[in-house]
Amino acid sequence: MDRAKAAVPEESKAAGADFLQLDVGEAPPGGRADWLAARLRSAIADGRAPVGTRLPASRVLAAELGVSRGVVTEAYQRLAEDGQVAGRGRAGTVVVATPAAVVTRPPEPRRAPQVFATRPGVDAFDELRAVPAQVDLTPGVPDLAAFPRAAWLRAERAVLHRMTPAALGYGDPAGTPALRLAVANWLARNRGVRADPAEVVIVAGVSQALGLLARVLHDRGTHTVAVEDPGSLGVRQHLVYSGLATPPIPVDDRGLCVDELERSGAPAVLLTPAHQFPTGVVLDGDRRRRLLRWARDGGLVVEDDYDAEHRYDRPPVPALRAMAPDRVCYVGSISKLLAPALRIGWMLVPPALHADVVAAKRAADLGNAALPQLVLAELMESGALERHLRLLRHRHVRRRDAMIRAVRAYLPGAVVHGAAAGLHLMVTLPGDVDDRALAAAALRRGVKVHPLSWHSRRPQPPGLVLGYAATPPSEIDRALSTVADAVTPPP
């Protein structure tokens, strides 16, 4: 028996022009894809198209409705982005999930007010993750629903098929040779960085990379690493936990203020030059040249290549590491490409630090798990990861545009920053707004956001940092409407 047919109940199969009694005459001019997506979404929600239903082939439904096939394809794509349908190869497009129920008066999370009540502590992110919410606009979260499960499984089968028993033993703490080669090739293709695979150190994400580097620097007498302001709260917490001082260096619309760095006397600096967090600004050419001169005069640059691959208006700027490999420590990961839970990242450090970093990695955990490394290497070398990245870019642009429209509609006085790249926007707000109080009010209404003041140490305009990569456009619109209600609560 055909398994695809057997998996779908007979009464769930789509057939003929009677499918859901769709009448294209109801569609507004120029809005047929919107109309069809809404009708299908409604049918999934009310049970007329339950989970397991196979939707008609796009060609068939287009012919029955008398519309172009592109209309149907676009509607199906929107449902796929919402996570409600998925392609199943020869089985067609199948309903896989019902939309989340809309709760008009969501229960107030008990811990919501406390999360933003004081300056964030070391457990602030854990506390915020633990609070339930209807819509999560936390920055730095990729579209986890888009994880390429089929490609991962294919790569894992290929790896297991050819893996030798020796590969399951203790390996090189710096990482498997296959992944170090794949990372070196990936960085050459996508970031303009030429590196020998022997220079690559595989780590458990950027957080471990920073912890290892902080330990090595501390042991060598470097107790201060300057950081961007505004800049990532989480990164700063990692460095402080490792015993380093983190003087703030201002960021403006051209990136890190290098003259302020020079005046600070700090021996090292950590920055996100390709897509600064949270402002989204790119370090401009003059600042890059001045920073590299500072490094060649004895400074050390730690380059967190945050969100570098997720650029939408032009190719990403080259990494600083490509220009000064002896003075730049480069760190990156697949947390924003695939999933943070995989805990895989990489480091390139100057030759003078390499042996000490590998020793610190050995002492920490003897090296990352081998099987995920080999699977990731397969995805990188086969081109599957780059195909996935192209898919994500298309999806992210739609979601970014939806967020910009929603900000303009519901927060008309707000200014959007950093729209050209990344997985988040920074929004500055007019007037005397307490952004932590606003974030707490939004959370009470079921929406998670970051207040800009979480990531700032010097006075800054009030604002929010809003992630969009993990949220369908329809939910983004609803969430920003909720945030607007929190800004101006009803009397």
field: Test log, rule side-chain contact (heavy atoms from CB on, under 4.5 Å), inputs Cys329 and Leu348
entry: CA-CA 6 Å; Cys329 300; Leu348 295 172; over 6 Å; no
task: Start with the C-alpha distance between Tyr330 and Leu187, add both sets of side-chain angles, then the distance that settles side-chain contact (heavy atoms from CB on, under 4.5 Å), and finish with yes or no.
output: CA-CA 11 Å; Tyr330 178 95; Leu187 295 177; 3.5 Å; yes
- prompt: Taking it one step at a time, do Thr138 and His450 satisfy side-chain hydrogen bond (donor to acceptor under 3.5 Å, both in side chains)?
  reply: CA-CA 6 Å; Thr138 299; His450 278 195; 4.7 Å; no
- prompt: Going through the distances and angles, do His396 and Leu423 end up as a side-chain contact (heavy atoms from CB on, under 4.5 Å)?
  reply: CA-CA 7 Å; His396 291 163; Leu423 308 181; 3.3 Å; yes
message: salt bridge (charged side-chain N to carboxylate O under 4.0 Å, His left out) for Arg321 and Asp326? Distances and angles first, verdict last.
response: CA-CA 8 Å; Arg321 168 76 187 192; Asp326 290 341; over 6 Å; no
task: Go through the steps to decide whether Val67 and Val24 satisfy the test side-chain contact (heavy atoms from CB on, under 4.5 Å), and finish with yes or no.
output: CA-CA 8 Å; Val67 299; Val24 74; 3.5 Å; yes
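Under 4.0 Å is where a charged nitrogen must lie from a carboxylate oxygen, and between Arg399 and Asp143 at least one such pair does. No salt bridge links Glu378 with Arg154; every basic N to acidic carboxylate O contact stays at or beyond 4.0 Å. Here Arg220 pairs with Asp356 in a salt bridge; the nearest charged N to carboxylate O distance falls below 4.0 Å. Between Arg254 and Asp286, at least one side-chain nitrogen of the basic residue sits less than 4.0 Å from a carboxylate oxygen of the acidic one, meeting the salt-bridge criterion.
For Arg398, the salt bridge (Lys or Arg N to Asp or Glu O under 4.0 Å) criterion is met by Glu74, Glu81, not counting sequence neighbours.
Within a 6.0 Å sphere centred on CZ of Arg194, other residues, nucleotides and ligands contribute 12 heavy atoms or fewer. At most 12 heavy atoms of other shown residues, nucleotides or ligands fall within 6.0 angstrom of atom CZ in Arg215. Annotation: Arg393, atom CZ; neighbour count of heavy atoms from other residues, nucleotides and ligands within 6.0 Å is above 12. By the neighbour-count criterion of 12 heavy atoms within 6.0 Å, atom CZ of Arg408 is sparsely surrounded, having that number or fewer from other residues, nucleotides or ligands.
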Only pairs under 3.5 Å count here: list side-chain donor-acceptor contacts from residues 201-213, not counting sequence neighbours, and write none if there are none.
{"from": "Ser207", "atom 1": "OG", "to": "Arg343", "atom 2": "NH2", "distance (Å)": "3.2"}
{"from": "Gln208", "atom 1": "OE1", "to": "Ala204", "atom 2": "N", "distance (Å)": "2.7"}
{"from": "Gln208", "atom 1": "OE1", "to": "Lys361", "atom 2": "NZ", "distance (Å)": "2.8"}
{"from": "Gln208", "atom 1": "NE2", "to": "Asp365", "atom 2": "OD2", "distance (Å)": "3.0"}

For residues 168-175, which side-chain N or O atoms pair as donor and acceptor with protein atoms under 3.5 Å away, sequence neighbours left out?
{"from": "Asp172", "atom 1": "OD1", "to": "Ala174", "atom 2": "N", "distance (Å)": "2.8"}
{"from": "Asp172", "atom 1": "OD2", "to": "Arg180", "atom 2": "NH1", "distance (Å)": "3.0"}

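Side-chain contact check for Tyr76 versus Leu61: some heavy-atom pair is nearer than 4.5 Å. At least one side-chain heavy atom of Leu239 sits under 4.5 Å from a side-chain heavy atom of Leu270. Between Val269 and Leu291 the shortest side-chain heavy-atom distance falls below 4.5 Å. With contacts defined as side-chain heavy-atom distances shorter than 4.5 Å, the pair Met163/Leu371 qualifies. Here the side chains of Leu271 and Val301 are in contact, with some heavy-atom distance below 4.5 Å.
Checked options Val449, Leu137, Val447; the residue passing with Leu480 is Leu137 (criterion: side-chain contact (heavy atoms from CB on, under 4.5 Å)).
Using modelled atom types, one side-chain atom of Lys448 and one backbone atom of Arg129 make a donor-acceptor pair closer than 3.5 Å. In this structure a side-chain-to-backbone donor-acceptor pair under 3.5 Å is missing from Glu303 to Val328.
The nearest pair of heavy atoms linking Val317 to Arg191 is O-NH1, 2.7 Å. Pro142 and Ser335 make their closest contact through CG-O, 3.2 Å (heavy atoms, listed as atom of the first residue, atom of the second, distance). The heavy-atom pair separating Ala75 from Ala33 by the smallest distance is CB-O, 3.8 Å.
Aromatic ring pairs are classed by plane angle as parallel below 30°, tilted from 30° to 60° and perpendicular above 60°; the pair His455 and Phe277 is perpendicular.
A distance of 6.0 Å or more separates the ring centres of His424 and His417.
Under the 3.5 Å distance criterion, with hydrogens and angles disregarded, a donor-acceptor pair is assigned to the side chains of Ser58 and Arg69.
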